[in-house]
Amino acid sequence: MGSTIANYLLRRASQKERVRILYRRALKDTLNWSVHRHMFYSEADKLRQRFEANKNVEDLDTIDRLIEEAEVTYNKYQHPDPYIVPWAPGGSKFTRNPPPPPGIEIVFDYGTEEHI
């Protein structure tokens, strides 16, 4: 009996985490599709309503099916060229000015060096 309850709680926690991750990914992707911020707000409200519509579903198998359908829909409508912050990995400025290799010494005396 105790293991059944533990399995139920573990499965519910896993489902909540999957829904949370899916919602965040879909919300960020909505921002990629929106040209203006006011358009994003209306689309984000629609997205939230779609998630809230299934908030009270209790059957574990139905929840799994809904999550799978939502993931398929997300993958189908995912933006082909998402926005990436320029200094993040994959951005246009990422490692543009890498540090010099080890062993190279840079002196910033600008003319006050000792001449031999």
From CA spacing to verdict: side chain to side chain contact (heavy atoms under 4.5 Å, CB included), D81, H79: CA-CA 6 Å; D81 188 23; H79 197 281; 4.0 Å; yes

From [X] atom [atom1] to [Y] atom [atom2], the distance as rounded to the nearest 0.5 Å:
X: L66; Y: E71; atom1: CG; atom2: CD; value: 11.5 Å
X: S34; Y: H38; atom1: OG; atom2: NE2; value: 9.5 Å
X: Y83; Y: N32; atom1: OH; atom2: CG; value: 10.0 Å
X: I67; Y: T62; atom1: CD1; atom2: OG1; value: 11.0 Å

R24 vs I21, test: side chain to side chain contact (heavy atoms under 4.5 Å, CB included). Steps then yes/no. CA-CA 5 Å; R24 288 195 63 192; I21 290 170; 5.9 Å; no

Pair K46, E43 - check salt bridge (charged side-chain N to carboxylate O under 4.0 Å, His left out), show working. CA-CA 5 Å; K46 291 176 190 175; E43 292 299 317; 3.4 Å; yes

Between the main-chain N or O of [Y] and the side-chain N or O of [X], is there a donor-acceptor pair closer than 3.5 Å?
X: Q15; Y: I63; value: no
X: D29; Y: R25; value: no
X: S14; Y: L10; value: no
X: W33; Y: Y77; value: yes
X: S42; Y: M39; value: yes

Residue pair I84 / P89: nearest heavy atoms and the distance that separates them: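 Residues I84 and P89, closest heavy atoms: CG2-O, 3.9 Å.
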
Give the minimum heavy-atom separation between A70 and L22, together with the two atoms involved. CB-CD2, 3.3 Å

Side chains of R48 and L27 in contact at under 4.5 Å (non-hydrogen atoms): no

R50 atom CZ: more than 12 heavy-atom contacts under 6.0 Å: no

Identify whether Y74 and V19 are in the same connected component of the hydrophobic contact network (ILVMFWY, side-chain heavy atoms under 4.5 Å).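 As far as the 4.5 Å side-chain criterion goes, V19 and Y74 are connected within one cluster.
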
Is it the case that one hydrophobic cluster holds both L47 and Y41, taking links as side-chain heavy atoms less than 4.5 Å apart, direct or via other members? yes

Any carboxylate oxygen within less than 4.0 angstrom of a Lys/Arg side-chain nitrogen, looking at R12 and E58? yes

Start with the C-alpha gap between D59 and R65, add the side-chain angles, then the distance that decides, and say whether salt bridge (charged side-chain N to carboxylate O under 4.0 Å, His left out) holds. CA-CA 10 Å; D59 183 37; R65 183 181 51 79; over 6 Å; no

Does R18 make a cation-pi contact with Y23, if we ask for NZ or CZ under 6.0 Å from the ring centre and within 45° of the axis? no

